[in-house]
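Below is one structure, written out as structure tokens; comments come after it.
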Amino acid sequence: MTMTRALGAICLILPLAGPAPAFAADLKNGEALARRWCASCHVVAGDQSGTTGEAPPFRVIARTPDLDAGRIALFLLQPHPKMPDMGLSRQAAGDLAAYITSLK
Ligand code: HEC
């Protein structure tokens, strides 16, 4: 592989890795954010009982093969139809993503 092709491959891979690895994610903060902002629709922790039912529990999201922390963080930073735009910072999205994937 030539140098240019190697660089091209790196450029393709890096954006997929998402913002999460760029800083140390804070699991405790992620959990606090999840309980505050996400628990009305998602089951965010084992000790939580009911929700409205339409949204997948975070444990299910954690086990979804294609969703790693980077992808979850990116998902949270983009507008998505079924969820309100919560205006999360990159740090908050990274913390939430780390918390969700820790439930695996
Ligand atoms: C108003 C209800 C609501 C709130 C609040 C909400 N969600 Fe969701 N979320 C949903 C629904 C509904 C889906 C399923 C979307 C679908 O099936 O297309 C979903 C899906 C997701 C997914 C899965 C995306 C995928 O591709 O499978 C993630 C990750 C997620 N939510 C994270 C969060 C986080 C983190 C929060 C809190 C910051 C949050 N959600 C708050 C309703 C909500």
Side-chain angles (χ1 to χ4, degrees):
M1 190 153 45
T2 68
M3 193 59 186
T4 343
R5 287 191 59 177
L7 281 177
I10 290 168
C11 290
L12 277 176
I13 291 163
L14 278 182
L16 293 180
F23 46 77
D26 180 342
L27 285 185
K28 279 255 173 287
N29 186 43
E31 179 175 0
L33 290 169
R35 288 181 188 274
R36 184 164 346 134
W37 296 109
C38 324
S40 54
C41 299
H42 294 271
V43 172
V44 306
D47 61 7
Q48 187 190 338
S49 46
T51 62
T52 57
E54 213 196 325
F58 279 5
R59 273 166 57 99
V60 170
I61 295 173
R63 293 198 185 124
T64 306
D66 289 342
L67 282 178
D68 57 20
R71 276 178 191 265
I72 293 175
L74 279 184
F75 167 82
L76 292 175
L77 291 172
Q78 283 156 7
H80 25 267
K82 289 205 187 165
M83 279 169 46
D85 184 355
M86 281 161 281
L88 296 169
S89 67
R90 289 171 77 89
Q91 176 76 55
D95 291 352
L96 278 162
Y99 170 66
I100 293 172
T101 47
S102 78
L103 299 175
K104 228 179 272 203

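Start at 1 and go down the list; that is how both ligands and their atoms are numbered. Basis for what follows: all heavy atoms, side chains included, without hydrogens, waters or symmetry-related copies.
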- Note on the structure: Restricting to heavy atoms, the pick from Met83, Lys82, Arg71 nearest atom 10 (C) of ligand 1 would be Met83
- Pro84 near ligand 1, heavy-atom distance under 4.0 Å? yes
- Message: Nearest non-hydrogen contact with atom 29 (C) of ligand 1 belongs to which option: Thr64, Ile61, Asp66?
- Response: Ile61
- Members sharing Trp37's hydrophobic cluster (side chains within less than 4.5 Å): Leu27, Leu33, Val44, Phe58, Ile61, Leu67, Ile72, Phe75, Leu76, Met83, Met86, Leu88, Leu96, Tyr99, Ile100, Leu103
- Does Leu33 have a heavy atom less than 4.0 Å from any atom of ligand 1? no
- Query: What closest approach, in Å, do Gln48 and Ala39 show between heavy atoms, and which atom pair accounts for it?
  - Reply: NE2-O, 3.0 Å
- Message: Under 2.8 Å from atom 8 (Fe) of ligand 1, can any N, O or S atom of Cys38 be found?
- Response: no
- Note on the structure: To atom 11 (C) of ligand 1, the nearest of Ala93, Ala62, Ala97, Ala55 on a heavy-atom basis is Ala55
- Do side-chain atoms of Asp95 reach the backbone of Asp26 as a donor and acceptor pair under 3.5 angstrom? yes
- Closest by any non-hydrogen atom to atom 21 (C) of ligand 1: pick that one out of Arg35, His42, Arg36. His42
- Query: Under 4.0 Å from any heavy atom of Leu96, which atoms of ligand 1 are there?
  - Reply: 38 (C)
- Task: Determine, considering heavy atoms only, which of Cys41, Pro57, Ala73 sits nearest to atom 3 (C) of ligand 1.
- Result: Cys41
- Non-hydrogen atoms of Ala25 and Gly94 that approach each other most closely: CB-O, 3.8 Å
- Is it the side chain (CB and beyond), the backbone, both or neither of Pro56 that lies under 4.0 Å from ligand 1, heavy atoms counted? side chain
- For Leu76, counting its heavy atoms only, list the atoms of ligand 1 lying under 4.0 Å from any of them. 32 (C), 33 (C), 34 (C), 35 (C)
- Message: I want to confirm something. Looking only at heavy atoms, which of Phe75, Phe58, Trp37, Tyr99 is nearest to atom 24 (C) of ligand 1?
- Response: Phe75
- Item | Heteroatom distance test (Glu54, ligand 1): nitrogen or oxygen, under 3.5 angstrom | no
- Looking only at heavy atoms, is any part of Leu67 under 4.0 Å from ligand 1, and if so is it the side chain, the backbone, or both, or is it neither? side chain
- Task: Mind checking the OG-CZ spacing from Ser40 to Arg35? Nearest 0.5 Å is all I need.
- Result: 13.5 Å
